[in-house]
There are 2 protein chains.
Amino acid sequence: MEWTIQELAARAGITSRTLRHYDRIGLLAPSRVGANGYRYYNLAAVARLQRILLMRRLGMGLSAIAEVLADEVDTCDGLRAHIAALEEERDRIERQIRSVRHTLEALQSGAEPRMDVMLAGFNDGYKDEVISRWGERAFQVSNDWWHGKSLDQQRAWKQDTEDLVAAWVAAAKAGVSPTSEHAQSLAARHVRWLSQIPGTPTAEGDRERSIEMVKCMGDMYVDDPRFAGMYDDAAGATFVRDALHAYARTQM
Amino acid sequence: MEWTIQELAARAGITSRTLRHYDRIGLLAPSRVGANGYRYYNLAAVARLQRILLMRRLGMGLSAIAEVLADEVDTCDGLRAHIAALEEERDRIERQIRSVRHTLEALQSGAEPRMDVMLAGFNDGYKDEVISRWGERAFQVSNDWWHGKSLDQQRAWKQDTEDLVAAWVAAAKAGVSPTSEHAQSLAARHVRWLSQIPGTPTAEGDRERSIEMVKCMGDMYVDDPRFAGMYDDAAGATFVRDALHAYARTQM
DNA sequence: TTTGACCTTGACGCTGCGTCAACTTCTAGC
DNA sequence: GCTAGAAGTTGACGCAGCGTCAAGGTCAAA
């Protein structure tokens, strides 16, 4: 089974120019080139194109895509990673939908929309932030840690995180005090959760910097739009911050 | 409440250069410019930026974005349209996830992955296809028809379509014959569904071309990757095609 | 054999910024 | 009040990822 350049382009929703471009830069060579110079693509080439288009959709540059495809030993692993990336993208879009809904509701009810919630779901790279706050090494360590996990472990971690967040939101909605026993036990769980990440002061047993970090995280949940909407709304984030501050002051 | 260029950039996950670029091209002016030439952004500017980033994520060019924002009378309508667009994007990603899963499973089970399913979820523009097959006018008419609908009507139409597809898939899975009474009643429903779209031969009462179109649609469900995965798998699409062909031969 | 669709290789252009460079302005500590 | 450093400004150049001619060669059908 073989396709000409136009057939493949039409089916993939791109132009033949793009395929020629990919050939020129060595990203996707046709499986066969006729004596007349015509390009022909077989199933393997189509599979490679699928992966290229997937990564391109996720915003990767063509050179980065070429690297990934070159380094790849197991196609199955690559596909699994792609599914994970797509699921993350879907979740990000879900957050954006919620964010726009918030803006819309605020606008309709006459309330002033809040900047933090409005911009939730747009930022992707924590990288620079982590580096500037905790140093390059911290980023390296936590990044290696994350990518050293299996996909199942990554899923488990995400589930843990979601459970924790859900518990926080429920507590905030219940109207209990941030200094209540329940809230403080959540804060303790939060700190344990944080301490699982190597490279953080808490994981390294640095008490001084641990306290500072826990307080800082609390502040970020409120102030940093990167976390906006994570704890449902501003009240939720404030609740988490207050609970964490209290915990850092009294229990650490 | 006002932010400097860096503050806004950091929070939106872009660079200050990008904001300056948007100012230069007239896409997003700062709400205030200090005597020192510094740019300051207020909430309204942030809201506009939110919409710009939303549209940019959906692949629109900056000039197209500017047009949309200029033409817009009601911000709420714009936001609602955005939510709809984001939901579609999310659905598309869902389809891609299923498509990649299919490729992965085929690879693991040793089966050869199928090109049509592999490329499902990549094409977006039916436009050229519609024009080349049914003429520019057909596209204009059906496009006007679609955009003349309210959001509620659009949702209802999508629901109808999904119901129809689900019925087809269930019938195919049940193992009944494409010429069975049940399949033929589904085919009749399918033709009625098609005839709702103005500009199509069926809607215009052109019997000859109607038959041709129904057959052609059936073929496309099988051969055209644009519809790949719509009826679950190749067996589903084949079932629909056979049922439609039989209906076109005997009932129209 | 002709017509029209599809293929080829250049080559230039456009968009959406990244990235200096050169300079001014604000902020914080001594 | 002075000075260092962070953050602001306006050019100007560069690059990626194609779109879009131009100037042809190839192929299938009539």
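Convention: sequence-line order gives letters A, B, ...; per-chain numbering from 1.
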*Let me see the working for B:Met55 and B:Leu69 under side-chain contact (heavy atoms from CB on, under 4.5 Å), right down to the final yes or no.*
CA-CA 10 Å; B:Met55 291 193 262; B:Leu69 288 176; 3.8 Å; yes
*To the nearest angstrom, how far is B:Ile5 atom CD1 from D:dA6 atom C1'?*
15 Å
*5'-most contact on DNA chain D: B:Asp23 or A:Tyr38, nearest heavy atom basis?*
B:Asp23
*Worked verdict on B:Asn42 versus B:Arg32 for side-chain contact (heavy atoms from CB on, under 4.5 Å)*: CA-CA 8 Å; B:Asn42 65 7; B:Arg32 186 173 70 86; over 6 Å; no
*If a protein heavy atom is under 4.0 Å from the base, mark B; if only from the sugar-phosphate, S; if neither, -; do that for nucleotides 15-21 of chain D going 5' to 3'.*
--SBBB-
*Value rounded to 0.5 Å, distance of OG1 in B:Thr18 from CG in B:Leu27*: 11.0 Å
_Does B:Ser16 reach a base, just sugar-phosphate, or nothing at all? Heavy atoms under 4.0 Å._
nothing
_Once you apply a heavy-atom cut-off of 4.0 Å, does B:Arg39 come out as touching a base, just sugar-phosphate, or nothing?_
sugar-phosphate
*Could you give the CD-to-P distance, from A:Glu7 to C:dC6, as a whole number of Å?*
10 Å
*Heavy-atom donor-acceptor pair, B:Ser31 side chain to B:Tyr40 backbone, under 3.5 Å*: yes
_Nearest 0.5 Å, please: how far is CZ in A:Arg17 from CD1 in A:Ile5?_
10.0 Å
*asked:* Whole angstroms only, please: what is the CZ-P distance between A:Arg32 and C:dT8?
replied: 12 Å
*asked:* From CG of B:Leu19 over to C1' of C:dG18, roughly how many Å is that when rounded to an integer?
replied: 14 Å
*asked:* Measure CH2/B:Trp3 against P/D:dA7 and give the value in whole Å, please.
replied: 19 Å
*Just to confirm, is there a sub-4.0 Å distance from OP1 or OP2 of C:dC26 to any side-chain nitrogen or oxygen of B:Asn36?*
yes
*So how far is it from B:Leu8 CG to B:Leu19 CG, rounded to the nearest 0.5 Å?*
5.0 Å
*If you check every side-chain atom of B:Arg20, which of D:dT10, C:dC26, D:dC27 has the closest atom?*
D:dT10
